[in-house]
Trainee: 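Below you will find the structure I want to go over with you.
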Amino acid sequence: MISVSMKNVEKSFGGNKVLEDVTFETYEGEIFGMLGPSGAGKTTIINILTRQITADSGQWHVAASSSEIGLMLEHDGLFVQLSALDNLIVFEEIYGIPRAHTTDVLKKVGLEKAAKTKVNDLSKGMRQRLVLARALLHKPKVLFLDEPTSALDPVTARGIYWLIRDLRKAGSTIFLTTHNMEEATNLCDRVVMLHEGKIIEEGPPKDICERHGAIKTTQDLEGVFVKLTGGGLQ
């Protein structure tokens, strides 16, 4: 069953075209990745799919209501004067979630010892884990993650990977953006590569690596973008 789709989507801001003929679809219970450098259009795609902005043309669909969508975006929207736990309690009360589940999610992202710490006093990585906890809290049908591990140490990132996989096993669709091919290979069933608003490559990460050679570093990924577009990661 198709969970998220776009067909021939175009988007411009002023005279700057940021998406051009973007077409893809994801399936229920799939981890789908969008790989590309900053400014490629990844966040714009998420903003369209989550109904924050509207595309200029094309079709798009998410097979979930607003209450069934989880979001982890660049701007975290946390209440900085509240504690980590109190930030989750706000959403717990909205969704009618048991307190035991809320504290369990906080533990799973490694923030149980910081439960009473104000968000203002948390590190960037801890704030990122709290945003992820909030996104997971209501067991969303579709979860959008915008570079979910970009500020995390490798050990914490691996823990986040387990959470994402567990959610997938429960039937959720995970849509994530990243600029890290190793992360995409570890997590994603399929990926698309986005360059200047255009999809230039797609398929299972391992197949992409077989077509273009091993992609283990940023430099390796840069080489693939150069080969496919004549340009690189900007």
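Just so it is clear, the values below take in all heavy atoms, side chains as well, and ignore hydrogens, waters and symmetry mates.
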Trainee: Using only heavy-atom distances, determine whether the side chains of Thr178 and Glu183 contain a donor-acceptor pair under 3.5 Å.
Mentor: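 Distance-only check passes for Thr178 and Glu183.
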
Trainee: Go through the structure and list residues passing side chain to side chain contact (heavy atoms under 4.5 Å, CB included) with Pro205, not counting sequence neighbours.
Mentor: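 So Pro205 forms a side chain to side chain contact (heavy atoms under 4.5 Å, CB included) with Met181, Thr185, Cys188, Val191.
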
Trainee: How would you list, by chain and number, every residue that makes a side chain to side chain donor-acceptor pair (under 3.5 Å) with Arg51, sequence neighbours excluded?
Mentor: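 Once residues adjacent in sequence are excluded, the partners of Arg51 under the side chain to side chain donor-acceptor pair (under 3.5 Å) criterion are Ser66.
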
Trainee: Please report, to 0.1 Å, the donor-acceptor pairs under 3.5 Å made by any side chain of residues 93-110, with sequence neighbours excluded.
Mentor:
residue, atom, partner, partner atom, Å
Arg99, NE, Glu92, OE1, 2.8
Arg99, NE, Glu92, OE2, 3.0
Arg99, NH2, Glu92, OE2, 2.9
His101, NE2, Leu137, O, 2.8
Thr102, OG1, Glu92, OE1, 2.8
Thr102, OG1, Pro98, O, 3.4
Thr103, OG1, Arg99, O, 3.2
Thr103, OG1, Ala100, O, 3.0

Trainee: Please answer whether the main-chain N or O of Glu147 pairs with a side-chain N or O of Thr177 as donor and acceptor at a distance below 3.5 Å.
Mentor: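 Yes, the answer is positive, given that a donor and an acceptor are paired below the 3.5 Å cut-off.
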
Trainee: For the side chain of Lys141 and the backbone of Gly70, is there at least one donor-acceptor N/O pair under 3.5 Å apart?
Mentor: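 Absent.
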
Trainee: For Asp189, what residues pass the side chain to side chain contact (heavy atoms under 4.5 Å, CB included) criterion, not counting sequence neighbours?
Mentor: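 By the side chain to side chain contact (heavy atoms under 4.5 Å, CB included) rule, Asp189 matches Glu30, Ile31, Arg168.
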
Trainee: With a 3.5 Å cut-off and sequence neighbours excluded, list the donor-acceptor pairs that the side chains of residues 53-62 form with protein atoms.
Mentor:
residue, atom, partner, partner atom, Å
Asp56, OD2, Ser12, N, 2.7

Trainee: Can you check whether Pro148's main-chain N or O pairs, donor with acceptor, with Gln128's side chain at less than 3.5 Å?
Mentor: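 Present.
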
Trainee: So do the side chains of Leu111 and Met126 get within less than 4.5 Å of each other, counting heavy atoms only?
Mentor: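 In contact.
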
Trainee: Got Val80 and Arg127 here, is their nearest side-chain heavy-atom distance under 4.5 Å?
Mentor: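 The answer is yes; the side chains approach within 4.5 Å.
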
Trainee: Holding to side chain to side chain donor-acceptor pair (under 3.5 Å), I want the full list of residues that pass it with Asp121, two or more places apart in sequence or in another chain.
Mentor: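 Per chain and number, Asp121 pairs via side chain to side chain donor-acceptor pair (under 3.5 Å) with no residue.
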
Trainee: Under the side chain to side chain donor-acceptor pair (under 3.5 Å) rule, collect the residues that match up with Thr26, sequence neighbours excluded.
Mentor: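 With sequence neighbours excluded, Thr26 shows a side chain to side chain donor-acceptor pair (under 3.5 Å) to no residue whatsoever.
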
Trainee: My understanding is that only residues two or more places apart in sequence, or in another chain, count here; which of them pass side chain to side chain donor-acceptor pair (under 3.5 Å) with Ser5?
Mentor: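 With sequence neighbours excluded, Ser5 shows a side chain to side chain donor-acceptor pair (under 3.5 Å) to no residue whatsoever.
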
Trainee: Once salt bridge (Lys or Arg N to Asp or Glu O under 4.0 Å) is applied, do any residues pair with Lys7, and if so which ones, sequence neighbours excluded?
Mentor: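 Here no residue qualifies.
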
Trainee: Lys198: what forms a salt bridge (Lys or Arg N to Asp or Glu O under 4.0 Å) with it, not counting sequence neighbours?
Mentor: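 Only Glu20 meet the salt bridge (Lys or Arg N to Asp or Glu O under 4.0 Å) criterion with Lys198.
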
Trainee: Apart from Tyr27 itself, which Ile, Leu, Val, Met, Phe, Trp or Tyr residues share its cluster (side-chain heavy atoms under 4.5 Å, direct or through members)?
Mentor: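 Taking Ile, Leu, Val, Met, Phe, Trp and Tyr as members, Tyr27 shares its hydrophobic cluster with Ile2.
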
Trainee: Partners of Phe144 by ring-ring contact (aromatic ring centres under 6.0 Å, His included), sequence neighbours excluded?
Mentor: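 If we apply the ring-ring contact (aromatic ring centres under 6.0 Å, His included) test to Phe144, skipping adjacent residues, the hits are Phe175.
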
Trainee: Just so I know, are the side chains of Glu10 and Asp21 near enough to count as touching, which here means a heavy-atom distance under 4.5 Å?
Mentor: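 Yes, their side chains come closer than 4.5 Å.
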
